[in-house]
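Working notes, structure below.
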Amino acid sequence: MHEGTAESCAGLAGLLAGGDVVVLSGAGLSTESGIPDYRGPSGALVRTSPMTYQTFTGDPLARRRYWARSFLGWRRMAQTRPNAGHRAVAQLQRQGLVTGVVTQNVDGLHQAGGADRVVELHGSLAKVICLGCGDLTSRTELDRRMAWANPRFDARVTALNPDGDVDLSDEEIDRFRMVECSACAGDTLKPDVVFFGETVPADRVQQCFAMVEKARLLLVLGSSLTVMSGRRFVIRAAKLGIPVVIVNQGPTRGDTYAALSIDAPLGVVLPELVRLTAVPPAVAVPPVAVGPVGAGSPVTA
């Protein structure tokens with residue numbers, strides 16, 4: 001570990017020691033699990049544009065394109081595993097330092113890594129909602145139905161995108177068969193995630209604000225804070241005088257609010273924080289030899 005990073009980790013460990021820390025995590029936390037982000041070092045925006053809510057809801061062909069790509073992408077996404085950073089956040093919870101997690105990620109890797117009290121700000125790819133009737137089902141069930149409808153759809157996957165879909169040619173997409181909602185037979189099934197251009201549910205935003213406002217420290221992990229969806233929590237913390245610490249590779253739009261910024265891989269920094277904040281096990285004290293008053297030979301108490 002670089003000397004400057006080691007010193008920063010030591011300083012951050014001291015800040016975490018007081019507990020009541022809320023984590024705000026972004027896509028940078030999952031890149032080491034093989035899921036690219038949009039704006040970081042592996043930024044997918046340079047080669048692909050994410051699906052917008054307006055396009056998805058307004059164009060049946062766009063929905064078909066999304067689900068063809070997402071059908072194969074889900075297979076890859078479901079195989080991803082939590083990395084050292086996810087496991088470290090869970091361990092900081094078990095140590096009583098982190099009280100909750102607000103994540104902008106939709107991959108479920110925080111929970112898979114052992115964390116609880118996680119609010120998924122942008123939803124979860126593991127769930128599917130029908131925009132017509134509101135029926136909510138599991139992605140596993142939809143995947144089973146799509147596999148039945150597309151028994152020979154085995155297009156070659158070249159890249160996994162941050163929102164769980166993959167790149168496919170138009171010819172491959174044309175071979176894909178859509179499935180309908182099993183409750184209302186509608187054709188507007190959508191992953192239960194917030195697309196670009198879509199609004200995060202107000203009650204979920206308020207839940208996150210409440211968590212931040214009760215925190216002693218806001219710890220931002222792996223987010224460029226480019227969009228207001230996540231940056232608003234940093235701004236709120238700063239207005240309330242709650243210290244903000246950012247660990248991310250590259251600059252962020254929240255750096256001016258940060259009491260401390262660390263530019264380093266999360267898979268390096270977070271396990272080191274666990275090590276520095278771990279309470280050493282109690283040292284066993286051997287039995288003390290004592291003797292009755294006036295006696296010369298000790299007995300074991």
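Positions are given from 1 along the sequence. Please read all numbers here as calculations on a predicted model, not as lab measurements.
To the nearest 0.5 Å, atom CG of residue Leu218 and atom CD of residue Glu213 are 11.5 Å apart. Summarising the geometry, atom CZ belonging to Arg65 is positioned 6.5 Å from atom CD1 belonging to Ile173; distances are rounded to the nearest 0.5 Å. Atom OG1 in Thr31 sits 6.5 Å away from atom CD in Gln249 (nearest 0.5 Å). Here the CG-CG distance, from Leu142 to Leu189, works out to 6.0 Å after rounding to the nearest 0.5 Å. Atom NE2 of residue His110 and atom CG of residue Asp116 lie 12.0 Å apart, to the nearest 0.5 angstrom. With rounding to the nearest 0.5 Å, the separation of CG in Leu97 from CG in Leu273 is 10.0 Å.
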Checking side-chain contact (heavy atoms from CB on, under 4.5 Å) for the pair Cys130/Thr188: CA distance, chi angles, key distance, verdict?
-> CA-CA 6 Å; Cys130 174; Thr188 53; 4.2 Å; yes
List the steps and the verdict of side-chain contact (heavy atoms from CB on, under 4.5 Å) for Leu225 and Ile246.
-> CA-CA 10 Å; Leu225 300 173; Ile246 300 174; 4.0 Å; yes
Are Thr99 and Asp20 close enough, and set up right, to give a side-chain hydrogen bond (donor to acceptor under 3.5 Å, both in side chains), and what steps lead you there?
-> CA-CA 6 Å; Thr99 57; Asp20 291 329; 5.2 Å; no
Can you check side-chain hydrogen bond (donor to acceptor under 3.5 Å, both in side chains) on Ser138 and Arg144, steps first, answer last?
-> CA-CA 10 Å; Ser138 74; Arg144 184 191 64 77; over 6 Å; no
Would you check, one step at a time, whether the test side-chain contact (heavy atoms from CB on, under 4.5 Å) holds for Val269 with Ile262?
-> CA-CA 9 Å; Val269 172; Ile262 302 177; 4.2 Å; yes
Begin with the C-alpha distance, continue with both residues' side-chain angles, and end with the deciding distance and a verdict on side-chain hydrogen bond (donor to acceptor under 3.5 Å, both in side chains) for Gln207 and Arg204.
-> CA-CA 5 Å; Gln207 182 183 5; Arg204 195 180 301 165; over 6 Å; no
List the steps, then state whether ring pair (Phe, Tyr, Trp, His ring centres under 6.0 Å) holds for Phe209 with Phe233.
-> CA-CA 7 Å; Phe209 272 133; Phe233 303 115; 4.9 Å; yes
Met77 vs Ser70, side-chain contact (heavy atoms from CB on, under 4.5 Å): CA-CA, chis, key distance, verdict = CA-CA 9 Å; Met77 184 71 77; Ser70 188; over 6 Å; no
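Side-chain contact between Leu121 and Cys208 is present, with heavy atoms from C-beta onward closer than 4.5 Å. Using a 4.5 Å heavy-atom cutoff, the side chains of Val220 and Thr252 are not in contact. Contact check for Glu141 versus Ser182: no side-chain heavy atoms found under the 4.5 Å cut-off. Arg139 places none of its side-chain heavy atoms less than 4.5 Å from the side chain of Lys127. Proximity of Leu221 to Leu24: side-chain heavy atoms (C-beta onward) are nowhere separated by under 4.5 Å.
Here Phe195 and Tyr66 bring their ring centres to under 6.0 angstrom of each other.
Panel note: side chain Arg216, backbone Leu15; a donor-acceptor pair is recorded below 3.5 Å. Within the 3.5 Å criterion, the main-chain N or O of Asp107 finds no donor-acceptor partner in the side chain of Asn105. Using a distance-only test at 3.5 Å, with no hydrogens or angles considered, no donor-acceptor pair links the side chain of Thr55 to the main chain of Thr52. Using a distance-only test at 3.5 Å, with no hydrogens or angles considered, a donor-acceptor pair links the side chain of His122 to the main chain of Gln104. Under a 3.5 Å cut-off, the side chain of Glu120 and the backbone N or O of Val106 do not form any donor-acceptor pair. Looking only at distances, a side-chain donor or acceptor of Arg232 sits under 3.5 Å from a matching main-chain atom of Ser229. Side chain of Arg64 to backbone of Phe176: a donor-acceptor contact under 3.5 angstrom is found. Proximity of a side-chain donor or acceptor of Asn248 to a complementary backbone N or O of Ser223 within less than 3.5 Å is detected. Using modelled atom types, one side-chain atom of Arg253 and one backbone atom of Thr226 make a donor-acceptor pair closer than 3.5 Å. A donor-acceptor pair is defined here as one N or O able to donate and one able to accept, closer than 3.5 Å; no such pair exists between the side chain of Arg175 and the backbone of Phe153.
Both Val244 and Met211 are assigned to one and the same hydrophobic cluster, defined by single-linkage of ILVMFWY side chains at heavy-atom distances under 4.5 Å. Hydrophobic clustering (side-chain heavy atoms under 4.5 Å, transitive across Ile, Leu, Val, Met, Phe, Trp, Tyr) groups Met228 together with Val119. No continuous path of hydrophobic side-chain contacts links Val102 to Leu219 [ILVMFWY only; heavy atoms under 4.5 Å]. Following chains of ILVMFWY side-chain contacts shorter than 4.5 Å, one can reach Leu16 starting from Leu266, so the two form part of one hydrophobic cluster. Residues Ile129 and Val194 do not share a hydrophobic cluster, clusters being chains of Ile/Leu/Val/Met/Phe/Trp/Tyr side chains in contact below 4.5 Å.
Note on ring orientation: taking the six-membered ring where Trp is involved, the planes of Trp67 and Phe56 are perpendicular (angle over 60°, cut-offs 30° and 60°).
The two residues Leu109 and Ser30 come nearest to each other via the heavy atoms CD1-OG, 3.9 Å. The two residues Leu217 and Pro243 make their nearest non-hydrogen contact at CD1-O, 3.3 Å. Residue Ala115 comes nearest to Gln93 through the heavy atom pair CA-OE1, 3.3 Å, listed as atom of the first residue, atom of the second, then distance. In terms of heavy-atom proximity, Cys9 sits nearest to Glu272 at CB-CG, 4.1 Å. Here the shortest heavy-atom pairing between Gly114 and Ala90 reads C-CB, 3.5 Å.
With hydrogens and angles left out, the side-chain atoms of Arg94 and Gln91 include a donor and acceptor closer than 3.5 Å. For the 3.5 Å distance criterion, the side chains of Asn83 and Ser33 qualify, holding a donor opposite an acceptor. Residues Thr140 and Asp143 bring no donor and acceptor atom of their side chains to less than 3.5 Å of each other. Thr103 and Ser25 form a side-chain donor-acceptor contact under 3.5 Å, judged by distance and modelled atom types alone.
Shown are Val23, Val101, Val21, Val274; of these, the side-chain contact (heavy atoms from CB on, under 4.5 Å) with Leu92 is made only by Val274.
At most 12 heavy atoms of other shown residues, nucleotides or ligands fall within 6.0 angstrom of atom CZ in Arg177.
Considering only residues two or more places apart in sequence or on other chains, Glu180 meets the salt bridge (Lys or Arg N to Asp or Glu O under 4.0 Å) condition with none of them.
Residues in residues 187-201 take part in these salt bridge (Lys or Arg N to Asp or Glu O under 4.0 Å) pairs, two or more places apart or across chains: Arg63-Asp187, Lys190-Glu198.
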